Amino acid sequence: MTKPKVFIARKLSEEVVNQFKESLDITMWEDTDEPVDRNRLLEEAERSDGLVTMLTDQVDQELMDRGKRLKIIANMAVGYDNVDVETATEYGIQITNTPDVLTETTADLTFALMMATARRLIEANEVIKDGKWKNWSPLFLAGTDIHHKTIGIVGMGRIGEAVARRAKGFGMDILYHNRSRKEEAERELGASYNSFETLIQTADYIVCLAPLTEETKGIFNAEAFKKMKNSAIFINASRGPLVDENALYQALIKGELKAAGLDVFDKEPIDENHPLLELDQVVCLPHIGSASVETRKAMMELSLKNVKDVLYGQQAKTPVNRPN
Ligand code: DGY
């Protein structure tokens, strides 16, 4: 029996990929650092039964029109705003993502980013490395406390709840805003549901973890930043387009907001001359929320398992749609 053909749109760990070679005929994009070239992706889509794509790939109608044999596209991320799920469903293509395996790792990074921003860790590290640590002084690099403050989580999915558990350990008051109520989190973590409006006005830390959709695009705009406390710290570990970056920059330079920690940007990679990068009170990371070796390998494995299962007539473990 010929093995189903699969294209992986980024160079993944051989150790993980090799486990699937017995059942799948795998071709992998060769370059470790660069996303797959669009033309190559389209050509591979044409001859493949399954694809493993990254958040940097546009999985759109053009690709699905070319991919007449495609039965599954496994997006190696929990977010799938790069995928036209509606068209996939219509074309009978299974879309999968990688929830659960990255929850705790992404929550660790989100909390670390919040702490690094509040306690000015990056600035402090630079002071030492630049030879500028001359003496101890009472308010030298003094930051903002985290413990016993109020955190407001916008987007209380699995990662939001994992951040809330960490916040509970720090004695924080937990507010959240979400499409649906999370009664278990309310009971177990003492989290309280708030309107978006109340949350942004009340929280000391506003943490964005909502997925990117038509409804959430640009929700953190000039009006929202104006409503936050001047002492508030804004964290985004979800997707860049939820934030109006120019409005965020203006709010920071006007002192309407104290600081920001950003793991994601409107355009990635962010331009090195972007004004946000000039501000000491902004900590920027290159979209590394789920980037631990263990978790990235688990994401690779889950994506390939989904591909194998679907191509061998089984249910995907983490489906996003129900194809027609
Ligand atoms: C995701 O999975 O959506 C993250 O943003 C990538 O790590």
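Note that the structure is a prediction, hence the values are computed from the model and not measured. Each ligand, and each atom within it, is numbered from 1 in the order the structure gives.
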Enumerated ligand 1 atoms positioned under 4.0 Å from heavy atoms of [X]:
X      : value
Leu55  : 5 (O), 6 (C)
Ala77  : 1 (C), 2 (O), 3 (O)
His287 : 4 (C), 5 (O), 6 (C)

Item to check | Separation between CG of Asn230 and CG of Leu257, rounded to the nearest 0.5 Å | outcome: 8.5 Å

So which protein heavy atom does [atom] come closest to, and at what separation?
atom                   : answer
atom 2 (O) of ligand 1 : Val78 N, 2.7 Å
atom 3 (O) of ligand 1 : Arg239 NH2, 2.7 Å
atom 7 (O) of ligand 1 : Ser290 OG, 2.4 Å

Next on the checklist: With a cutoff of 4.0 Å, is Arg296 in contact with ligand 1, counting heavy atoms of the residue only?
Outcome noted: yes

Next on the checklist: I'd like to know whether ligand 1 has Met76 as a neighbour, heavy-atom separation below 4.0 Å.
Outcome noted: no

Please check this pair: side chain of [X] against backbone of [Y], looking for a donor-acceptor N/O pair closer than 3.5 Å.
X      : Y      : value
Asn194 : Ser192 : yes
Asn178 : Met156 : yes
Asp31  : Val36  : no
Arg239 : Val264 : no
Lys11  : Ile8   : no
Arg296 : Leu12  : no

Next on the checklist: Is the contact between Asn97 and ligand 1 made by the side chain, the backbone, both, or neither, using heavy atoms and a 4.0 Å cut-off?
Outcome noted: neither

Next on the checklist: Once you restrict to heavy atoms under 4.0 Å, what part of Leu102 touches ligand 1? Side chain, backbone, both or neither.
Outcome noted: side chain

Checklist entry - Is the Phe234 ring parallel, tilted or perpendicular to the Phe220 ring (thresholds 30°, 60°)? => result tilted

Next on the checklist: Below 3.5 Å, N or O to N or O, backbone or side chain included: is there any such pair between Thr98 and ligand 1?
Outcome noted: no

